[in-house]
2 protein chains.
Amino acid sequence: MTTRRTGLREQKKQATREALRAAALRLALAHGPENVRVDDIAAAAGVAPRTYNNYFASREQAIVAAVTADREARVAAAVAGRPAGTPLSEAVTDAIVTEYTEPGEDARDALLMITTRPALRQAYLDAATAIESPLTEVFGERTGDAATARVLAASVAAAVRIALDRWVRPADGGAATGLVVVRDSLPAQLRAALAPLAPALDAADHGR
Amino acid sequence: MTTRRTGLREQKKQATREALRAAALRLALAHGPENVRVDDIAAAAGVAPRTYNNYFASREQAIVAAVTADREARVAAAVAGRPAGTPLSEAVTDAIVTEYTEPGEDARDALLMITTRPALRQAYLDAATAIESPLTEVFGERTGDAATARVLAASVAAAVRIALDRWVRPADGGAATGLVVVRDSLPAQLRAALAPLAPALDAADHGR
DNA sequence: GCGCAAAATTGCGTGCACGCATGTTTTGTG
DNA sequence: CACAAAACATGCGTGCACGCAATTTTGCGC
C-alpha cells in the first residue's frame with residue numbers, strides 16, 4: 001500500500017530505530033534528559049555512537065519520537081477512514097482529536113518531562129510537522145489538487161502545533177495582564193485551532 | 001509604534017547584527033559558504049566568536065538573514081496599509097507578492113548561492129516563518145480573535161514556505177513521471193499557494 | 001550454497017552551538 | 001552626579017551533528 005521496500009532489511013532498521021527510541025526515553029526518565037549523553041543512548045541500544053545520528057538528527061528527537069512514534073500515520077489513516085459524506089473539516093478534526101487524545105500509556109510521565117524542558121518541548125512541537133506528508137496524500141485524493149492538498153496539510157500541521165503549544169506552554173503573560181489564563185483541555189485546544197481552517201478545507205473538498 | 005525599548009543599547013545591537021549579516025554574506029559569496037567558518041565571520045564583524053551565537057543560532061541563519069532581513073515586518077505593514085474594504089485574502093496575497101517579488105538588489109547572486117546549497121535553502125525556507133508573529137498582530141486587529149489570528153498567520157507562513165520551496169527546489173521527480181515540470185514564477189507560486197487559504201481568511205475577516 | 005553489488009554500520013576528525021562564570025558597558029533612579 | 005541593577009560581550013569547556021572513507025552486513029540472482 002504505502003512504501004514496502006524490501007523485507008528483512010527495513011525490518012532491522014525499524015528495530016534499531018525502536019531500540020534507540022526506547023533507550024533514549026528510558027534513560028531520560030531515569031536520570032533526567034540533561035544527564036543522558038548520546039553515547040549512553042547508543043550504548044544502551046547496542047549500536048555505535050555514530051549510528052545514532054543515522055537515525056536521529058538530534059538528541060531530543062529520539063526522546064520525543066518514543067512518544068509521538070507513528071501517531072502521524074494513524075491520523076492520516078483515520079481521516080481516510082471516515083465515511084465519504086463527512087465534510088473534510090469534520091473528518092480531519094475528529095481524526096486528530098481522537099489520535100492526540102491522549103496517551104493513557106506509559107507516556108504520561110514522559111509528557112511531563114517533555115513539557116518542562118524547553119528543548120524537548122520544542123522538539124515535541126516540531127514533531128507535529130510529520131503529519132504534513134501523510135495528510136498531503138489523503139487530501140490529494142479528496143481534493144484532486146496536489147498543490148492545494150499540500151498547503152492545507154501544512155496549515156493543519158501548523159494548527160496542531162499551535163494547539164499543542166498552547167496546551168503545553170507554562171502560563172507566562174498572566175502577571176502582566178492580570179488575567180488568569182484558563183488552560184483548555186487538549187481536545188478543546190485542537191478544535192479551537194482547527195476551526196479557522198474549516199472554510200478552506202471544505203471549500204477545497206467539494207471543489208473537485 | 002511597535003517596540004521601541006530604549007535608545008543607545010538597541011542601536012548598537014542592531015549595528016552588530018547588521019555587521020554580522022553583511023560579513024557572513026560577503027564572505028560566503030567570496031569563498032563559498034563551505035569555506036567560511038563562524039570565527040571568520042565574527043572576526044570580520046569585529047566581535048568575539050562567542051558573541052556570534054548571541055545573535056544567530058546557526059551559521060546559515062546569518063547568511064540568509066542578509067537577504068530576508070526585515071522583509072517580514074514590511075509584509076505586515078503592507079497588509080495593514082490596504083484600504084479597509086479589501087477582502088483579507090486579497091490584502092494578504094497582494095502584500096506578500098509585492099514584498100517577495102524580488103530583490104533587484106545585490107541579492108541576486110546571493111539567492112543563486114542559497115538555492116544551490118541544501119543547508120542554506122533550508123535556512124531560507126525556515127526564515128519565512130518569521131512572518132507569523134507580525135501577521136498574527138495584523139490579523140488580530142482585523143478578526144478580533146487572537147487565537148484564530150495566530151492559526152491563520154501560521155497557515156499563511158506555511159503557504160509562503162511551500163511556494164518558496166517549489167520555486168527554489170531543483171526539479172527532481174521529472175524523470176520518474178516523464179512529465180516536464182514547468183516552473184512557475186515566484187508570484188504565480190505565491191498566489192497558487194495562498195489561494196486555498198482564501199476561504200478561511202475571508203471567513204475570519206468579516207466574522208467580527 | 002556462492003559471490004557480488006547495494007546498503008548499513010562504524011571510526012575519525014572538524015566545526016559548531018550553547019551553558020556558565022566573569023568582566024564591561026548602559027540605564028534609570030535618588 | 002554617583003551608583004546599583006540590568007543587559008551585554010567575552011572565554012572556556014563540553015557534548016554534539018555530520019562529512020568522509022573504510023568495513024561489515026544483507027539481499028538476490030545464478
Side-chain angles (χ1 to χ4, degrees), chain A residues 3-21 23-25 27-28 31-65 116-123 126-127 175-176, chain B residues 3-21 23-25 27-28 31-65 116-123 126-127:
Chain A
T3 337
R4 178 140 307 172
R5 287 212 316 198
T6 9
L8 202 153
R9 194 158 218 142
E10 208 64 10
Q11 202 171 330
K12 280 195 77 174
K13 276 191 67 169
Q14 296 304 354
T16 303
R17 169 169 271 112
E18 169 62 27
L20 283 170
R21 273 200 288 241
L25 180 57
L27 293 178
H31 312 130
E34 330 292 338
N35 305 320
V36 179
R37 272 170 285 289
V38 161
D39 297 26
D40 305 333
I41 301 176
V47 296
R50 180 62 181 87
T51 301
Y52 176 92
N53 279 291
N54 291 344
Y55 286 88
F56 298 100
S58 82
R59 198 184 69 241
E60 290 76 22
Q61 267 187 29
I63 301 177
V64 163
T116 51
R117 304 307 199 292
L120 288 178
R121 214 163 50 206
Q122 184 66 34
D126 288 347
Chain B
T3 335
R4 178 140 309 173
R5 285 213 317 199
T6 6
L8 200 154
R9 193 158 219 142
E10 209 64 12
Q11 201 171 333
K12 282 190 76 172
K13 277 190 68 169
Q14 296 304 354
T16 302
R17 167 169 272 113
E18 169 62 28
L20 283 170
R21 273 199 288 238
L25 181 58
L27 292 179
H31 313 131
E34 329 292 339
N35 304 320
V36 178
R37 275 171 284 287
V38 162
D39 296 27
D40 304 334
I41 301 176
V47 296
R50 179 62 181 85
T51 301
Y52 176 92
N53 278 292
N54 291 344
Y55 286 89
F56 297 100
S58 82
R59 200 184 70 242
E60 290 77 22
Q61 267 188 28
I63 301 177
V64 163
T116 51
R117 303 311 197 290
L120 288 178
R121 214 162 50 206
Q122 184 65 35
D126 288 345

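Numbered from 1 within each chain, the chains take letters A, B, ... in sequence-line order.
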Next item on the list: For residues 31-60 of chain A, pull every pair meeting salt bridge (charged side-chain N to carboxylate O under 4.0 Å, His left out), keeping only residues two or more places apart or in separate chains.
Entry: A/Glu34-A/Arg117
Item checked: Contacts of type side chain to side chain contact (heavy atoms under 4.5 Å, CB included), residue B/Ala44, not counting sequence neighbours -> B/Ala23, B/Arg26, B/Leu27
Margin query: Can you tell me how far apart CZ (B/Arg121) and CG (B/Asp126) are? Round to the nearest 0.5 Å.
Written below: 12.5 Å
Next item on the list: In whole angstrom, give the distance that lies between atom CG of B/Leu20 and atom P of C/dC16.
Entry: 14 Å
Next item on the list: Quick one: do A/Arg21 and A/Glu18 satisfy salt bridge (Lys or Arg N to Asp or Glu O under 4.0 Å)? Show the steps, please.
Entry: CA-CA 5 Å; A/Arg21 273 200 288 241; A/Glu18 169 62 27; 2.9 Å; yes
Next item on the list: Heavy atoms only: give me the nearest A/Tyr52-A/Ala62 pair and the separation to one decimal.
Entry: OH-CB, 3.2 Å
Checklist line | Terminal axis angle for the helix from C/dG1-D/dC30 to C/dG30-D/dC1, five pairs an end, nearest 10 degrees | finding: 30°
Protein and nucleotides 22-26 of chain C: nitrogen or oxygen contacts under 3.5 angstrom:
| residue | atom | partner | partner atom | Å |
| --- | --- | --- | --- | --- |
| C/dT25 | O2 | B/Arg9 | NH2 | 3.2 |
| C/dT26 | O4' | B/Arg9 | NH1 | 3.3 |
| C/dT26 | O2 | B/Arg9 | NH1 | 3.3 |

Next item on the list: Provide the closest heavy-atom pair for A/Leu20 versus A/Ala42 in the form atom of the first, atom of the second, distance.
Entry: CD2-CA, 4.3 Å
Next item on the list: State, to 0.1 Å, how close A/Ala127 and A/Val64 come at their nearest heavy-atom pair, and which atoms those are.
Entry: CB-CG1, 4.0 Å
Checklist line | Nucleic acid contacts of residues 47-61 of chain B, taken as heavy-atom distances under 4.0 Å to DNA chain D | finding: B/Val47, B/Ala48, B/Arg50, B/Thr51, B/Asn54, B/Tyr55
Next item on the list: Give the rounded distance in Å between these two atoms: CD1 of B/Ile63 and C1' of C/dC16.
Entry: 13 Å
Note to self: Quick one, A/Gln61 and A/Tyr55 - any side-chain contact, counting heavy atoms below 4.5 Å?
What the structure shows: no
Checklist line | Residues touching DNA chain C, which here means a heavy atom under 4.0 Å, drawn from residues 32-46 of chain B | finding: B/Val36, B/Arg37, B/Val38
Note to self: Within this structure, what is the CD1-CG distance for the pair A/Ile63 and A/Leu120, rounded to the nearest 0.5 Å?
What the structure shows: 5.0 Å
